[in-house]
Amino acid sequence: MTRQALIIVDVQNDFLPGGSLAAPHGDEIIPVINKLLDKNRDKKLFSLIIATQDWHPENHESFKTLWPVHCVQHSHGAELAQNLNHSKIDKIIHKGQNPEIDSYSAFFDNNHQQKTELDEYLKKNDITDVYILGLVTDYCVKFSVLDAISLGYKTYLIEDGCRGVNLKPGDDQKAIDEMKNQGAVIIQSSSLLKTRI
Ligand code: VGL
Ligand code: ZN
């Protein structure tokens, strides 16, 4: 028996146009996600819907070195997009709270030392397959997908449900190629939406 979960990565104001670390066209994925959530009314696509939030303290190390201030705990920028259908989310996973160590992946910090609750939560719910989308393709989505594969989940990337930040042009495509090479199945939301259920 397989059981599926949808993991919505970091669909937060700061990663959307107008936010401090915006993925261009990031807002275009929100209707894609809402359509999937709507299609899933009877839970036939996904048994569980999980959303992650990048959730940094004000003094996070990455603000000094790499990134503009973003997703500070309890700030407007850290909130999930307002037009995302929040009512369907079963579980929120926070990451990136340690001021010293960043956490791109929804599963582990970047040193692979601390785990978030996500793997335990999926295991407890007998999830075998994960479908991942969100922001941004070239960082948090990519590392979440790679960790899901290494943890043994059958892992799907819903490509049209993601946008990259593209610090270098083409970073998003490179990330997709890497996920595919590591074993992710790249799909489009349309293939899930047209499933007759
Ligand atoms: C992210 C950069 C820094 C992401 C988070 O959500 O992909 N990227 N923090
Ligand atoms: Zn961050």
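Looking only at distances, a side-chain donor or acceptor of Asn181 sits under 3.5 Å from a matching main-chain atom of Asp177. Remark: the backbone N or O of Asp10 is paired with a side-chain donor or acceptor of Thr52 at under 3.5 angstrom. Not one N or O on the side chain of Asn125 forms a donor-acceptor pair closer than 3.5 Å with the backbone of Ile127. Side-chain atoms of Asp160 never come within 3.5 Å of backbone atoms of Gln188 as a donor-acceptor pair (strictly under, hydrogens ignored). Without hydrogens or angle criteria, Ser62 side chain to Asp102 main chain gives no donor-acceptor distance under 3.5 Å.
Between His25 and Pro17, the closest heavy-atom pair is N-CG, 4.2 Å. Here the shortest heavy-atom pairing between Thr137 and Ile176 reads CG2-CG1, 3.9 Å. Minimum heavy-atom separation, Leu157 to Val141: CD1-CG1, 3.5 Å. In this structure, Glu159 and Ile186 approach most closely via the heavy-atom pair OE1-CG2, 3.6 Å. For the pair Val11 and Gly134, the tightest heavy-atom approach, listed with the atom from each and the gap, is CG2-CA, 4.1 Å. Nearest approach of Ser105 to Asn110, heavy atoms of both residues: N-OD1, 4.4 Å.
The ring-ring contact (aromatic ring centres under 6.0 Å, His included) contacts involving residues 145-181 comprise Tyr131-Tyr156, where partners must be two or more places apart or lie in separate chains.
In this structure, Asp171 does not pair ionically with Lys142, as no charged nitrogen and carboxylate oxygen lie closer than 4.0 Å. The pair Lys123-Glu120 does not count as a salt bridge, with every side-chain nitrogen at least 4.0 angstrom from each carboxylate oxygen.
By the 30° and 60° cut-offs, the orientation of the rings of Phe108 relative to His112 is parallel.
Of the N and O atoms on the side chains of Asp129 and Gln4, at least one donor lies less than 3.5 Å from an acceptor on the other residue.
The 12-atom threshold is not exceeded at CD of Gln114, counting heavy atoms of other residues, nucleotides or ligands nearer than 6.0 Å. Environment of CD in Gln97: crowded, with over 12 heavy atoms of neighbouring residues, nucleotides or ligands closer than 6.0 Å. Atom NE2 of His86 is surrounded by more than 12 heavy atoms from other residues, nucleotides or ligands within 6.0 Å. Other residues, nucleotides and ligands contribute over 12 non-hydrogen atoms within 6.0 Å of the NZ atom of Lys91. Surrounding NZ of Lys64 are more than 12 heavy atoms belonging to other residues, nucleotides or ligands, all under 6.0 Å away.
Transitive grouping of hydrophobic side chains (ILVMFWY, heavy atoms separated by less than 4.5 Å) brings Leu16 and Trp67 into a common cluster. Hydrophobic clustering, with ILVMFWY side chains joined whenever heavy atoms are under 4.5 angstrom apart, groups Tyr104 together with Val136.
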How far apart are the C-alpha atoms of Asp172 and Asn166, what are their side-chain angles, what is the distance that settles it, and do they pass the side chain to side chain donor-acceptor pair (under 3.5 Å) test? CA-CA 6 Å; Asp172 55 353; Asn166 286 320; 3.2 Å; yes

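Each of His60, Gln73, His94, Lys95 was checked for a side chain to side chain donor-acceptor pair (under 3.5 Å) with Asp54, and the lone residue meeting it is Lys95.
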